[in-house]
Each structure stands twice: as C-alpha cells, then as structure tokens.
Amino acid sequence: MSDEKDDLIGFREFIEAEGITPQKEAPKRDTSTGHELATFLERESDRLSKIIDVCEDRVYSLKNYSQFEALKKEQEKANKVLLEKMLPRLMDRDSILTKNLTELLHNHFVHKVNS
C-alpha cells in the first residue's frame, strides 16, 4: 500500500510540474452542427419512408396482379413457332448445320483412323 502512495506522489508532482490541470467542464458543443445533423436525419428518414412505401406498393401489385403466367404462355407460343420454323431448315441435307457437322465429324474420324 505504501508503494502505491509513493507512486501517486510522484505522479502528482509530475502533473504539478507540467502545469496540467484536469478539466472540470465539458467542452461546449457547436449547436449549429447539431441542428444540421437533426435536419439531415429527418430528411433521410423521410427519404427511406418514401422508398419503403414505393417498395410496398410494388410488392402488393406484383403479388396480387402477377403477369407471369400470361407472359410465360406468350413466350412458349413464340418458342414453338420458332422451333417449327427452324427444325425443317436445320434437318435439310443441304443446311449449313448438316454440312458443318458432316465436315467436322469426317475430319475428326478420318484423321483418327488414318493416324
């Protein structure tokens, strides 16, 4: 215990020699920045509330008035029409696909057999 008192005495002497005095009053805050911060926070809160309202309206309309099924049926019909147009062209003996596949397979297997 006496060692602790000796340490404190040395510390007090050091503080007194340096002329450091403990602050008893808290520093005064600039009130203008407080008002600016409050204004910013209010505006930000309003902005976020508006975003939430828009999202809630959008979710409600998507949930209750979904166009997914109608769009899906329309796209399936379009895909079927394209498939019906493309398949006869692709299956023709003179089609580009048939010629390229024939050439590719011929080159691949002929070179493998001859090697």
Side-chain angles (χ1 to χ4, degrees):
M1 179 109 176
S2 64
D3 289 337
E4 290 177 17
K5 287 183 181 180
D6 291 340
D7 290 340
L8 288 178
I9 291 172
F11 182 71
R12 285 185 188 143
E13 289 173 356
F14 172 75
I15 298 265
E16 289 171 359
E18 292 293 320
I20 300 174
T21 57
Q23 287 186 342
K24 295 184 181 179
E25 282 186 30
K28 294 185 179 182
R29 294 178 56 191
D30 186 14
T31 56
S32 65
T33 57
H35 294 296
E36 289 174 7
L37 181 61
T39 303
F40 168 76
L41 292 175
E42 287 174 3
R43 287 183 182 163
E44 189 67 11
S45 176
D46 290 341
R47 185 183 73 83
L48 292 175
S49 296
K50 289 177 183 178
I51 290 174
I52 289 171
D53 291 341
V54 167
C55 290
E56 287 175 347
D57 291 344
R58 181 78 174 137
V59 167
Y60 176 79
S61 62
L62 286 174
K63 185 177 177 182
N64 293 321
Y65 306 106
S66 177
Q67 296 178 355
F68 176 74
E69 290 300 323
L71 293 174
K72 181 180 170 188
K73 287 179 184 178
E74 184 180 320
Q75 191 60 49
E76 286 174 349
K77 286 179 186 177
N79 287 346
K80 187 176 180 181
V81 168
L82 285 175
L83 188 62
E84 289 172 355
K85 287 181 181 180
M86 285 177 24
L87 277 180
R89 291 181 184 174
L90 292 176
M91 299 306 291
D92 189 28
R93 274 183 97 71
D94 295 329
S95 72
I96 296 172
L97 176 67
T98 306
K99 288 179 182 178
N100 286 335
L101 284 176
T102 303
E103 184 180 340
L104 178 73
L105 293 173
H106 179 73
N107 289 338
H108 180 70
F109 287 113
V110 169
H111 290 295
K112 294 279 184 178
V113 173
N114 290 337
S115 297

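The CD atom of Glu76 lies 12.5 Å from the CG atom of Leu83; values are rounded to the nearest 0.5 Å. Here the CG-CG distance, from Leu87 to Leu82, works out to 10.5 Å after rounding to the nearest 0.5 Å. The CG atom of Leu104 sits 16.0 Å away from atom NZ of Lys99, with the distance rounded to the nearest 0.5 Å. Taking NZ from Lys72 and OG from Ser66, the interatomic distance works out to 11.0 Å, rounded to the nearest 0.5 Å.
In this structure, Val81 and Lys77 have side chains that are not in contact, with every pair of non-hydrogen atoms separated by 4.5 Å or more. The shortest side-chain heavy-atom distance between Lys80 and Glu84 falls under the 4.5 Å cut-off.
In the displayed structure, Ile51 atom CD1 is contacted under 6.0 Å by more than 12 heavy atoms of other residues, nucleotides or ligands.
Applying the 4.5 Å side-chain rule to ILVMFWY residues, one finds Met86, Leu90, Leu101 in the same cluster as Leu97.
Between the Ser61 side chain and the Asp57 main chain, a donor and an acceptor come within less than 3.5 Å of each other. Side-chain atoms of Ser95 come within 3.5 Å of backbone atoms of Asp92 as a donor-acceptor pair (strictly under, hydrogens ignored). In this structure, the side chain of Thr98 does not engage the main chain of Asp94 through any donor-acceptor pair within 3.5 Å.
Using a cut-off of 4.0 Å between Lys/Arg side-chain N and Asp/Glu carboxylate O, Arg47 and Glu44 are scored as salt-bridged.
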